[in-house]
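Working notes for the structure below.
Position 1 is the first residue of the sequence, and the numbers go up from there.
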Amino acid sequence: VSHAVKTPPYAAETGKRTRAYSPGFGRVLRKNSYPAWFLWFALAKSMVKVLLGTVRRDPWYRRCGAEQVRGYLAGWRAK
């Protein structure tokens, strides 16, 4: 998905977009019969983001990764 409007990485809009798009990504994976390993790969990338945010002491980065994990799982579980 490409957006014409660019927002800074730490803007409130970026967090809102993460919460909005993450469940859709998980749902698309399930709807299009992507293998479960692909979901786990995406979750692992987001968990690395959580870990890096913790190590860097960057709460926004950590929260963004956690929102992705929650959203991907919620979207995958949706029927």
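- Phe41 meets the ring pair (Phe, Tyr, Trp, His ring centres under 6.0 Å) test with no other residue; sequence neighbours excluded.
- Hydrophobic cluster membership for Val28: none, as no Ile, Leu, Val, Met, Phe, Trp or Tyr side chain comes under 4.5 Å of it.
- Residue pairs meeting the salt bridge (Lys or Arg N to Asp or Glu O under 4.0 Å) criterion with at least one member in residues 43-62: none, sequence neighbours excluded.
- Between the CZ atom in Arg17 and the OG atom in Ser22 there is a gap of 11.5 Å [rounded to 0.5 Å].
- Under the salt bridge (charged side-chain N to carboxylate O under 4.0 Å, His left out) criterion, Arg70 pairs with Glu67, sequence neighbours left out.
- One hydrophobic cluster, built from ILVMFWY side chains closer than 4.5 Å, holds both Val48 and Tyr61.
- Ser46 pairs by the side chain to side chain donor-acceptor pair (under 3.5 Å) definition with Gln68, not counting sequence neighbours.
- Transitive grouping of hydrophobic side chains (ILVMFWY, heavy atoms separated by less than 4.5 Å) brings Met47 and Trp40 into a common cluster.
- Judged purely by atom type and a 3.5 angstrom limit, Arg30 uses its side chain to pair as donor or acceptor with the backbone of Trp76.
- One distance of note links CG of Leu39 with CZ of Phe25; it measures 8.0 Å at 0.5 Å rounding.
- Rounded to the nearest 0.5 Å, atoms CZ (Arg63) and CZ (Arg19) are 8.5 Å apart.
- Partners of Tyr34 according to the side-chain contact (heavy atoms from CB on, under 4.5 Å) rule, which considers only residues two or more places apart in sequence or in another chain, are Leu29, Asn32, Phe38.
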